[in-house]
Amino acid sequence: MDGQWATVLAAGIAASVTLAGAAIAYRAGRRQVRDQGEIAHSQWLRTQREQAYVEYVTACEIANDAIYKCSLRFDEVLADVSSPQFAGNRAEAVFHIGIDEAYNLVDASQNPLNRIIMLGPDNVAAQAEQLRRALADYASGTHGLVVRLSRENPPQREIDLVGDRMNEVFLARTEFTKMARQVLTGEILPVTIAST
């Protein structure tokens, strides 16, 4: 009888150990699948963010270049205004063609910006919005200055203000690319900005 109890006890211990081992293996397997899913999602999100950031910076660079080309027309506007042949009309028309294109390019940066807002993180999205505001201010200031140039010589402070707006675009772009790089390389963790 003692031998039978020993056999039953050994079988019970073996069954318990087997069940415990199976439970541990099941939980470890589920955790591994969950971890693999999180890693795959993180890689997907990083790729999507990288594409969105590059698309946005490209759109902003194109808009910035168009605005800058309009500002290079300042001398052309002054020369045309002083010419009795054109009396300011041609210069203003030429400029408006350029500034309309620049405004359209600033507007075209909205879709890539929306994608950044959607993909986040919030701190990078906020900086992207700051870059877009700086571009819009630069376009607006350039437009106002050239319209005024077509009529009269503006004070130097107005010309300097357009230069300041151009610098604001540069600073906003630099900060955006720095933050984007840090998020993509994992140097910093994304920060969520609380809504006010």
### Task
Determine the minimum heavy-atom distance between Ala125 and Leu113, stating which atoms define it.
O-CD1, 4.4 Å
### Query
Using the benzene-type ring in the case of Trp, are the ring centres of Tyr53 and Phe176 under 6.0 Å apart?
yes
### Query
Considering only heavy atoms from C-beta outward, does the side chain of Glu38 approach that of His41 to under 4.5 Å?
no
### Query
Would you say Leu119 and Leu131 are hydrophobically clustered, going by side-chain heavy atoms of ILVMFWY under 4.5 Å?
no
#### Entry: Any side-chain heavy-atom pair of Tyr68 and Met166 under 4.5 Å
yes
### Task
Output, in order, the C-alpha distance, side-chain angles, deciding distance and verdict of side-chain contact (heavy atoms from CB on, under 4.5 Å) for Gln130 and Gln127.
CA-CA 5 Å; Gln130 176 60 34; Gln127 187 59 44; 4.0 Å; yes
### Message
Please report the interatomic distance CG(Asn104) to CD1(Ile62), rounded to the nearest 0.5 Å.
### Response
13.0 Å
### Task
Verify, without hydrogens or angle tests, whether Tyr56 (side chain) and Ala128 (backbone) share a donor-acceptor contact under 3.5 angstrom.
yes
### Query
Can you tell which of Glu55, Arg132, Glu61 makes a side chain to side chain donor-acceptor pair (under 3.5 Å) with Ser109?
Arg132
### Task
Please check if Tyr138 and Ile159 belong to a single hydrophobic cluster, counting links between Ile, Leu, Val, Met, Phe, Trp and Tyr side chain heavy atoms closer than 4.5 Å.
yes
### Query
To the nearest 0.5 Å, how far apart are CG in Asp122 and CD1 in Ile117?
9.5 Å
### Query
With hydrophobic residues grouped by side-chain heavy-atom distances under 4.5 Å, do Val162 and Leu105 end up in a single group?
no
### Query
How far does CG of Asp137 sit from CG of Asp164, to the nearest 0.5 angstrom?
12.0 Å
### Message
Hydrophobic cluster membership, with links at side-chain heavy-atom distances under 4.5 Å among I/L/V/M/F/W/Y: are Leu135 and Val57 in one?
### Response
yes
### Query
CG/Leu45 to CG/Leu184 distance, rounded to the nearest 0.5 angstrom?
9.5 Å
### From CG (Asn111) to CZ (Arg115), nearest 0.5 Å
11.0 Å
### Task
Look at the side chain of Ser140 and the backbone N and O of Ala136, then say whether any donor-acceptor pair between them is shorter than 3.5 Å.
no
### From Gln182 atom CD to Thr177 atom OG1, the distance as rounded to the nearest 0.5 Å
9.5 Å
### Query
Is there side-chain contact between Lys178 and Arg181, with heavy atoms separated by less than 4.5 Å?
yes
### Gln48 vs Gln51 side-chain heavy atoms within contact, under 4.5 Å
yes
### Message
Show the nearest heavy-atom pair for residues Ile99 and His143, with the distance to one decimal.
### Response
CG2-CD2, 3.5 Å
### Query
Any side-chain heavy atom of Pro121 sitting closer than 4.5 Å to one from Arg49?
yes
### Message
Taking the side chain as everything from C-beta on, heavy atoms only, tell me whether Leu161 gets closer than 4.5 Å to Leu145.
### Response
no
